[in-house]
Amino acid sequence: MQDSTLNAPEIALGSAASHEEHQDLRVFGLLTFLISESLMFGGFFATYLILRGGAAVWPPEGTEVELLVPTINTIILVSSSFVIHLGDTAIKKNNIAGMRLWYGITALMGAIFLGGQVYEYLTLGYGLTTNVFSNCFYLMTGFHGLHVFIGLLLILGVLWRSRRAGHYSATKHTGIEMAEIYWHFVDIIWIILFTLLYILSVF
Amino acid sequence: MTQLETPKTTAVVTHHEVPQKWKWYDYFTFNIDHKVIGIQYLVTAFIFYLIGGLMAMAIRIELNTPDADFLDPNLYNAFMTNHGTLMIFMWIVPAAIGGFGNFLIPLMVGARDMAFPKLNAIAFWLNPPAGALLLGSFFFGGSQSGWTAYPPLSLITANTAQSMWILAIVLVGTSSILGALNFVVTILKMKVPSMQWTQMPLFCWAILATSVLALLSTPVLAAGLVLLLFDINFGTSFFKPDAGGNVVLYQHLFWFYSHPAVYLMILPIFGIMSEVIPVHARKPIFGYKAIAYSSLAICIIGLFVWVHHMFTSGTPPWMRMFFTISTLIVAVPTGVKIFGWVATLWGGKIRFTSAMLFAIGLLSMFVVGGLGGVTLGTAPFDIHVHDTYYVVGHFHYVLFGGSVFGIYAGIYHWFPKMTGRMMNETWGRVHFALTFVGTHLTFLPMHQLGLQGMPRRVAMYDPQFAGINHLCTIGAMILGISVIPFFLNAIWSWMNGPKASDNPWEALTLEWTTTSPPAIENWEVLPVVTHGPYDYGRSDEGKPTAQTAASV
């Protein structure tokens, strides 16, 4: 770390901490990226609200939202945020098996969520181009689904890497933390999306 | 004036197993060194500048006469669209932020590289395919709806070309977001501990503000463009009023990014100005904090002014009022900067180097462009001259007289550091004279054209405008010729120019403490900041103003 290199002259020359060991800034970088990413969803939310504000009937006839599957899906996704946190807690206690277990369960829950979304798409009875509500519906949920898929890949990547002994430990778990942060982000976006698209459409 | 001392350095880190110098072919590969990436950005941007410039020449030749006798109107539209798109997304933004930012930020804050070097290289390599998509779109008719791509026009003309245009902008936008996050993390976290926040060069403040702006606004444009892409290709109707969509919605999404894009193009240039002027005027910059904070102020206010592009889009009066006021408020921090530079020049020991000439030229240009901006920011006047050549004249004063002059100033100033060689000053002056005359001759008459009512974006116009248009075309030809001495000078100097010393301008910022060109790891030993970046001519100059090597 920069601080230590400058404040500790005794480690200069030879054994010096080089720049390759500068502070791990990946978490900070990811958070910065996610702030940016959330504004992209912000653009979609704004679009949805403006189109909704300009419409006489919302959602239009023939595109009523179903609540059962998405509610189950929401419960699964929101609880998966707690599950993945248990994995993070586990690795901080050096419990790799525990981390693998919790992350595995999270991955499974994420997969179920995606499966539920596909099931919903197949059974809704209207498609992307039906009307401006369905445009928004498929674009926003589809885009979010893509993010869940990327989060799933991150978690699977963590699980894959964790097979190597010593790859992650109580002091070395940035990758795990980043997957968790990303997963929480996807979850928060879903809560807003669910409120806008489903709850506010029904009530 | 007493002898200036460069910042002292102290032994901190040594022994790096790296090559001493990059070979020429390293610049054509996926290289993760921020200096290589910076130069890659700059060279690529300059190539697109030439291409975009040739398009501008074609446009001006077409407009030399009232009839469409040089270009087919469709081709004219394609040239006009791609001229704007290339110049904004492939030239000014990549050159000012990507080029100068990448080359200078780590050097200025005393870091060995950016926070995420690989991400940095990825961000650069998104640019060439984007440019290829834009140019390739000419094989499919060329996108024709102007750089704003407003629906419904963009939904009905040259769909394939328009889709390619959208993909290109999304690629550049991704590049810009990745670059911006890298800058934010590097500046906030990798500054050498001996550098106080108030000792950070103003260019870093400018890039920090630029990056925050890019992070917040670019994704919204991406969202809008994705919707447009779906409308064009997948049968959705977000922007089709007959199916429940809303065209003005697109304008909001577009300008929420594209107005701040104006500041993305000018804030880094303000940073360059704040570096060039004190060095060549041999004076401490006037109002360091005011200039630093005004960058942040422009960044924040800049996010709340986008509707001034839409005063004629059926905007309700209260909105016009709000956005007129917020637009005019942006002039305040901008004025603070201008006054800061003028006050720095006041009584300075000015060296009229090419860099300084361009910086002073920029000041005059930007005042004209800025005042034009104030007039346009007020709704009643804007409604009168909306979509006329007044607007074209205004934004070219800001973007050519502002951003392009700034990039030139930056090139003349940092060329010795980037290449290790000096540029020829005489040819630099010729370049400046041609550019200065050409800019005024091209863009000043456009204000008059606009006041008389000549619409923009058309290949044919009423013969009463022919005289002034002829003048503009002559100016444009001078501008076209002006790049020749520059390019010849840059290429020749890069190969054969006299060797530059480490600090040819006797500047005090950190990038001048290393060799020219900088060693691959920037410094053998990381520098320790002992005085402010602009302490020229002060009585305590050369004495440590921060921690010394002994105290750490």
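Protein chains get the first letters and strands the later ones, always in sequence-line order, with residue 1 at the start of each. Just so we're clear, the structure is a prediction, and the values are computed from it rather than from any experiment.
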At what distance, to the nearest 0.5 angstrom, does [atom1] of [X] lie from [atom2] of [Y]?
X	Y	atom1	atom2	result
B:K189	A:D24	NZ	CG	11.0 Å
B:Y257	A:L39	OH	CG	14.0 Å
A:T47	B:Y250	OG1	OH	12.0 Å
B:L249	A:L49	CG	CG	10.5 Å

Can you check whether [X] reaches [Y] side chain to side chain, under 4.5 Å on heavy atoms?
X	Y	answer
B:M190	A:L25	yes
B:N246	A:I50	yes
B:V226	A:M40	yes
B:F238	A:C136	yes

At a heavy-atom separation under 4.5 Å, does [X] approach chain A through its side chain, its backbone, both, or neither?
X	answer
B:L216	both
B:L221	neither
B:A222	both

Crowded around [X] [atom1]? As in, over 12 foreign heavy atoms under 6.0 Å?
X	atom1	value
B:W306	CH2	yes
A:F149	CZ	no
B:W197	CH2	yes
A:E66	CD	no

Considering non-hydrogen atoms only, spot the tightest contact between [X] and [Y] and give its length.
X	Y	result
A:T129	B:F234	CG2-O, 3.1 Å
B:L227	A:F44	CD2-CE2, 3.7 Å
B:F116	A:R26	CE2-CA, 3.8 Å

- Task: Flag the one option from A:G42, A:G43, A:P60 with the top tally of heavy-atom pairs under 4.5 Å to chain B.
- Result: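 Answer, by heavy-atom pair count under 4.5 Å with chain B: A:G43.
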
- Result of checking B:V185, B:N182, B:L188, B:I177 against A:T32 for side-chain contact (heavy atoms from CB on, under 4.5 Å):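 Of the listed residues B:V185, B:N182, B:L188, B:I177, the side-chain contact (heavy atoms from CB on, under 4.5 Å) partner of A:T32 is B:V185.
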
- Query: Picking from B:V212, B:L181, B:L178, B:L215, what satisfies side-chain contact (heavy atoms from CB on, under 4.5 Å) with A:S36?
  - Reply: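 The side-chain contact (heavy atoms from CB on, under 4.5 Å) with A:S36 is passed solely by B:L215 among B:V212, B:L181, B:L178, B:L215.
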
